[in-house]
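What's counted below: heavy atoms across the whole structure, side chains too, no hydrogens, waters or symmetry copies. Note that this is a predicted model, so its numbers are computed, not measured.
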Amino acid sequence: MDKIRNPFSPGAGAPPPELAGRDGVLEQAAVLFGRVLKKRPEKSLIMTGLRGVGKTVLLNEMERMALQAGYRTIFIEASEQKPLVVLLVSQLRSLLYELDRIAGAGNKVRRGLAVLKSFVGGIKVFFGDVELGLDIEPEKGSADSGDLEADLPSLFIAVGEAAEERQCAVAIFIDEIQYFSSGELNALIMAMHKMQQRQLPLVLVGAGLPILPGLAGNAKSYAERLFSFPDIGPLQEEDAAKALQDPVRAEGVAFEPAALQEIYRMTKGYPYFLQEWGYQAWNQSESSPITLHLVQETTKPVVIRLDENFFRVRFDRLTDGEKKYLRAMAELGQGPYHTTDISGMLGVESSTALSPVRSKLIKKGMIYSPSHGLLNFTVPLFDEFMRRAIPDLGTL
């Protein structure tokens, strides 16, 4: 079949042709945006889930929804290399200048720019050797203490008041929130607490790994009252079939029911893998319908492609000790895994001795703890990959 017409799009954050099975969380976002515009309190939204479930796709769709509702938006991706303030300040500067161009009386926007200038000076944010420039005098005494947990709430208040003056709202979208330090996460939660207390039109929509609710709760006990934490998991079989069948049907093609069942069995409903199997099955098929036999023949090249492009980039970041720990997890079968079982697999009497390597793997976003004493992979099907990459645990 014509590869140019292939409707599937495997890739990080690439929008699928059919966003199936996510109506509930999208409705939750629509309610948030609508209620805040009407000055009615509503919890901000932080989605959690494993890699490859489509969190970034949902963030992008929610940003589109917010823009359609009249919001001004900021979209940033948290990073281990860049602190929160560096990611925020340039975008807030652009946002405030955009608000300044909206017709209407008042000086809240100019004050917002002045507070941002004070914030930059207090935190001492630099890009190389050049300080982020703002052609305005700072507002001394506002957000300039150098303490992020004190200054970020003051800055958000100034931005929220500027948006309120211009009769609009602001939505800040943040991907990979788990990479923020505890101090940054604490400051962000405190800032959003101020937004809710003052009913200012600024909301946060974020996404990250399943450890996020625990991190937020540890940072501030009231986080659960500020945010909803919808869990984004694999698709149910009916939704997975829809995500595959509807896009090809629009091109005059179909999957055999048995082919859809086989893809679901192989992917376990994870959206990224569904896109990969659909993409390769289309390219390998000569005509409609796409058959079970064709899907079975496609599985081997799909697995090779996933190993090289999806799994390997994470595997190559690991030390030998970290690889051994993950391979021991995989040896136990499908997770979650008890820490004592992992220790036993490695021949270590106490799981405490393995705490350093475990902590590093959690920090790297490779594993997480779904509950006390248990661990699991953050990447779906990574146990299968580890067994392929290292067939024998004893070789490590």
- Task: Output yes when Arg51 and Glu176 qualify as a salt bridge under the 4.0 Å nitrogen-oxygen rule, no when they do not.
- Result: yes
- Query: Which atom names give the shortest non-hydrogen contact between Thr73 and Ala66, and what distance separates them?
  - Reply: CG2-CB, 4.0 Å
- Query: Is Glu322 paired with Lys360 through a side-chain N to carboxylate O contact shorter than 4.0 Å?
  - Reply: no
- Taking the inter-plane angle between the rings of Phe382 and Phe377 on a 0 to 90° scale, is it parallel (under 30°), tilted (30 to 60°) or perpendicular (over 60°)? tilted
- ring-ring contact (aromatic ring centres under 6.0 Å, His included) with Phe310: of Tyr272, Phe315, Tyr270, only one passes, and it is Tyr272
- Message: If the threshold is 4.0 Å, N to carboxylate O, is there a salt bridge linking Glu98 and Arg101?
- Response: no
- Message: A quick test of your reading: do over 12 heavy atoms of other residues, nucleotides or ligands sit less than 6.0 Å from CD of Gln91?
- Response: yes
- Item | Ionic contact status for Arg387 with Asp383, cut-off 4.0 Å | yes
- Search all heavy atoms of Gln178 against all heavy atoms of Gly208 and return the closest pair with its distance. OE1-CA, 3.1 Å
- Message: Classify the ring geometry of Phe385 against Phe311: parallel below 30°, tilted from 30° to 60°, perpendicular beyond 60°.
- Response: parallel
- Does the side chain of Thr291 pick up a donor-acceptor pair with the side chain of His293 at under 3.5 Å? no
- Side chains of Ser355 and Arg358: donor-acceptor distance under 3.5 Å anywhere? yes
- At their closest point, which heavy atom of Pro370 faces which heavy atom of Asn376, and how far apart are they? CD-N, 4.1 Å
- Task: Could you tell me whether Arg111 and Glu161 have a side-chain N and a carboxylate O separated by less than 4.0 Å?
- Result: yes
- Item | Pair Glu384 + Lys268: basic N to acidic O under 4.0 Å | yes
- Item | Whether over 12 other heavy atoms sit under 6.0 Å from Gln296 CD | yes
- Item | Phe75 and Phe173 aromatic ring geometry - parallel, tilted or perpendicular at 30°/60° bounds | parallel
- Task: Mind listing the closest non-hydrogen atom pair of Met190 and Glu149 along with its distance?
- Result: CE-O, 3.6 Å
- Closest approach of Tyr325 to Leu361 (non-hydrogen atoms, all atoms of both residues): CD2-CD1, 3.6 Å
- Heavy atoms only: give me the nearest Leu244-Phe8 pair and the separation to one decimal. O-CZ, 3.5 Å
- Message: Less than 4.0 angstrom from a charged side-chain N to a carboxylate O is my criterion; do Asp239 and Lys242 meet it?
- Response: no
- Message: Working note: Arg317 + Lys364, criterion side chain to side chain contact (heavy atoms under 4.5 Å, CB included); need CA distance, chi angles, decisive distance, verdict.
- Response: CA-CA 9 Å; Arg317 296 173 57 213; Lys364 286 184 176 181; 4.0 Å; yes
- Message: Under 4.0 Å between a side-chain nitrogen and a carboxylate oxygen: does that hold for Lys108 and Glu165?
- Response: no
- Query: Take atom CD in Glu80; do more than 12 heavy atoms of anything else shown fall under 6.0 Å from it?
  - Reply: yes
- Item | Note: Arg110-Asp100 ion pair, threshold 4.0 Å (strictly below) | yes
- Query: Can you tell which of Glu237, Gln245, Arg265 makes a side-chain contact (heavy atoms from CB on, under 4.5 Å) with Leu260?
  - Reply: Gln245
- Backbone N or O of Leu374 within a donor-acceptor pair of the Ser369 side chain at under 3.5 Å? yes
